[in-house]
2 protein chains.
Amino acid sequence: MSVIERLLKEHNDIFQESIAHPLTNELCQGTLADYKLYTYLHQDLKYFQLGLNLFGKTLAYCDYPTAAIRLGKQIGFISSQENDYFTTTLKELTENSDLSKVKKLKEENLTLSSVTKYLDLLNYLTYESTSYIELITLLYVMEKTYLGWAQYNTERGIKKDLAYKHQEWINLHLDYAFEEWVNFLGSEVERVVKSEDDYKVCEAMFVKTVKLETEFFESCYSYSE
Amino acid sequence: MSVIERLLKEHNDIFQESIAHPLTNELCQGTLADYKLYTYLHQDLKYFQLGLNLFGKTLAYCDYPTAAIRLGKQIGFISSQENDYFTTTLKELTENSDLSKVKKLKEENLTLSSVTKYLDLLNYLTYESTSYIELITLLYVMEKTYLGWAQYNTERGIKKDLAYKHQEWINLHLDYAFEEWVNFLGSEVERVVKSEDDYKVCEAMFVKTVKLETEFFESCYSYSE
C-alpha cells in the first residue's frame, strides 16, 4: 500500500469530514449566504498570503529539479488566477451584499481563533521547520482537501448556472490541471517518505492539517456578530 | 539619491565590467564558440536550479503581499520559458556541435571553481540567511547584470538573424517584461533598505554578487581541456 493510500485509509473519517462541510456544500449549491462567503474569503486571504510564503519555503527545500520546476509553475499559477478571484469577489461582495452580520470582522480586520491556529502552523513551517516531508505533506493535504470537496460535490451534483463568486472557486479546484497538481504533490510525498519514521512525521502533519481545514471551514461558517 | 542610484554610482566600475564581458558580447554577435556556450549553459543550469530554490526562499521571506505576488508570477515564468531554453539548447549543442574541448566537463558533470564559489553563496542565502535585504539584493544584482549586458549590447548593435541558441537567451533578458521585473526588484530594495546599517548589508551583497557574476562569465569563457 502506498503512503498516500495508507494515510487516506487510516484517517478516512477525518478526511471525509473535511470534504463534506456545509460551507463547501452550500457553496456548490449557490445557497451559501454572502456574509458567510465573505467571512470565508476574508479569512482565507490571510491564509493565502502566508500560504504563498509557505509555497516559497517548500520550493527552497525541494532538492529534486523536476519537482522544483512543477512547484515553480504552480506558484506562478496561484499568483495569477487564484489571486484574481480573491480581489474580484471580495470587491463584489463588499459593494453588493449585506455584510451587517460581519461588520466588525470587516472593519477591524479580525482573525478568527481557528484561523490563527492554522496560521501559527504555517508560520512554523515557513520560518522554523527544515523538514521537506512536513512542508510537502501540508501542501498535499490542503490541496487534496480542496480537490476533495469539489469532487464530493460533483458526485452529488453541483448546481447549474452558478454565479462567478461560486463557480470560479469550484473551477479553480476541480479542473484537470488542479487534479494533476494534487497528484504531483502526492507523488512528492511518496518520493520522500522512505522509512517508518518518515511516515510518522508525515502522518502527524496530515492529521493536524486535515483537522485544521475542517475547523477553518466551521469557524467561518458559524461566525456571526 | 536613491539606494539603487547610490549603489550603481559608487560601484560603477565593477558593474560595467560585469555587463561587458566577451562571453555575452560574442553571444550577441553570434560568434561565441559552441563549446563555450555549452560550458556556460551547463554551468548556468546548476546555478539556475539552486537559483530556483533561492527564489523560493526569497518568496518565503517577502512580507509585503503585493510584492510576494509579483515574485510568485516570476517564479512561474522562469519555471516555464527559461527552463525550456536550457533543455532545448543543451540538447541541440550536444547533438550538433563539436564539444571535444569540454568532454570531461560534460561527461563528469564538473563544476568550475568560480561556480562553486557562487553556489556556496546561494546555499548560504537559501538555507542560512534570514535577511530579506540580502536575498532581494542578490536577486536584484543577478537580474540587473543580465538586463545590463543585453542593454549594453543592444546599444552597440546586436547582430541580425541570430540562431535560436543566441537570440532566445537575449530575448529572455531584454524584453519589456524583464525590464519591468528588474525595476520591481529595485523597488523592493528601495522599500526595505531604510537605514545606513541596512545599506551596508545591501552594499556588501551587491559588491560580492557583481564580482561573482563577472568571475562566472570569465571562468566559463576561458575553460578548455
Side-chain angles (χ1 to χ4, degrees), chain A residues 41-42 44-88 90 109 119 122-132 134-136 138-139 177 181 184 188, chain B residues 41-42 44-88 90 109 119 122-132 134-136 138-139 177 181 184 188:
Chain A
L41 294 180
H42 179 273
D44 203 38
L45 184 58
K46 296 172 191 275
Y47 174 85
F48 174 76
Q49 287 171 341
L50 185 50
L52 192 55
N53 299 127
L54 175 80
F55 264 84
K57 173 68 175 289
T58 310
L59 176 59
Y61 278 74
C62 179
D63 65 352
Y64 184 49
T66 315
I69 288 291
R70 182 66 191 87
L71 283 170
K73 285 181 178 169
Q74 194 69 13
I75 290 173
F77 172 78
I78 61 165
S79 300
S80 304
Q81 278 94 319
E82 191 153 330
N83 184 56
D84 293 348
Y85 169 80
F86 279 111
T87 312
T88 306
L90 281 168
N109 191 19
L119 295 178
L122 297 197
N123 265 308
Y124 157 75
L125 284 164
T126 307
Y127 303 112
E128 289 180 56
S129 172
T130 57
S131 161
Y132 186 68
E134 286 192 336
L135 290 158
I136 200 75
L138 182 125
L139 277 198
W181 160 241
F184 158 75
E188 273 298 272
Chain B
L41 294 181
H42 178 272
D44 203 38
L45 185 57
K46 296 171 191 276
Y47 173 87
F48 174 76
Q49 287 170 340
L50 184 50
L52 193 54
N53 298 127
L54 175 79
F55 263 84
K57 174 67 175 287
T58 310
L59 176 59
Y61 278 74
C62 180
D63 67 352
Y64 184 50
T66 316
I69 288 291
R70 182 65 191 86
L71 283 171
K73 285 182 178 169
Q74 194 70 12
I75 289 173
F77 173 79
I78 62 165
S79 300
S80 304
Q81 278 95 320
E82 191 154 330
N83 184 55
D84 293 348
Y85 170 80
F86 279 111
T87 312
T88 306
L90 281 168
N109 193 19
L119 295 178
L122 296 198
N123 265 308
Y124 157 75
L125 284 164
T126 307
Y127 303 112
E128 290 179 54
S129 173
T130 56
S131 161
Y132 186 68
E134 286 193 334
L135 290 158
I136 200 74
L138 182 125
L139 278 198
W181 160 242
F184 157 75
E188 273 298 273

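Both backbone and side-chain heavy atoms feed into the values below; hydrogens, waters and symmetry mates do not. Here is how names work: the chains are called A, B, and so on, in the same order as the sequence lines, proteins then strands, and each is numbered from 1.
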Quiz item: Just wondering, more than 12 heavy atoms not from A/Tyr64 lying within 6.0 Å of its OH?
Solution: no
Exercise. Select, from B/Gly76, B/Ser79, B/Cys62, the one with the greatest count of heavy-atom pairs under 4.5 Å involving chain A.
Key: B/Ser79
Quiz item: When heavy-atom pairs shorter than 4.5 Å are enumerated against chain B, which of A/Thr58, A/Asn83, A/Leu54, A/Leu71 gives the highest number?
Solution: A/Asn83
Exercise. Quick one: which of A/Ser80, A/Gly56, A/Ala68 has the most heavy-atom pairs under 4.5 Å with chain B, could you say?
Key: A/Gly56
Quiz prompt | Heavy-atom side-chain proximity of A/Leu59 to B/Ile75 below 4.5 angstrom | solution = yes
Exercise. Heavy atoms only, distances under 4.5 angstrom: which of A/Tyr127, A/Phe77, A/Phe48 has the most pairs with chain B? Name it, please.
Key: A/Tyr127
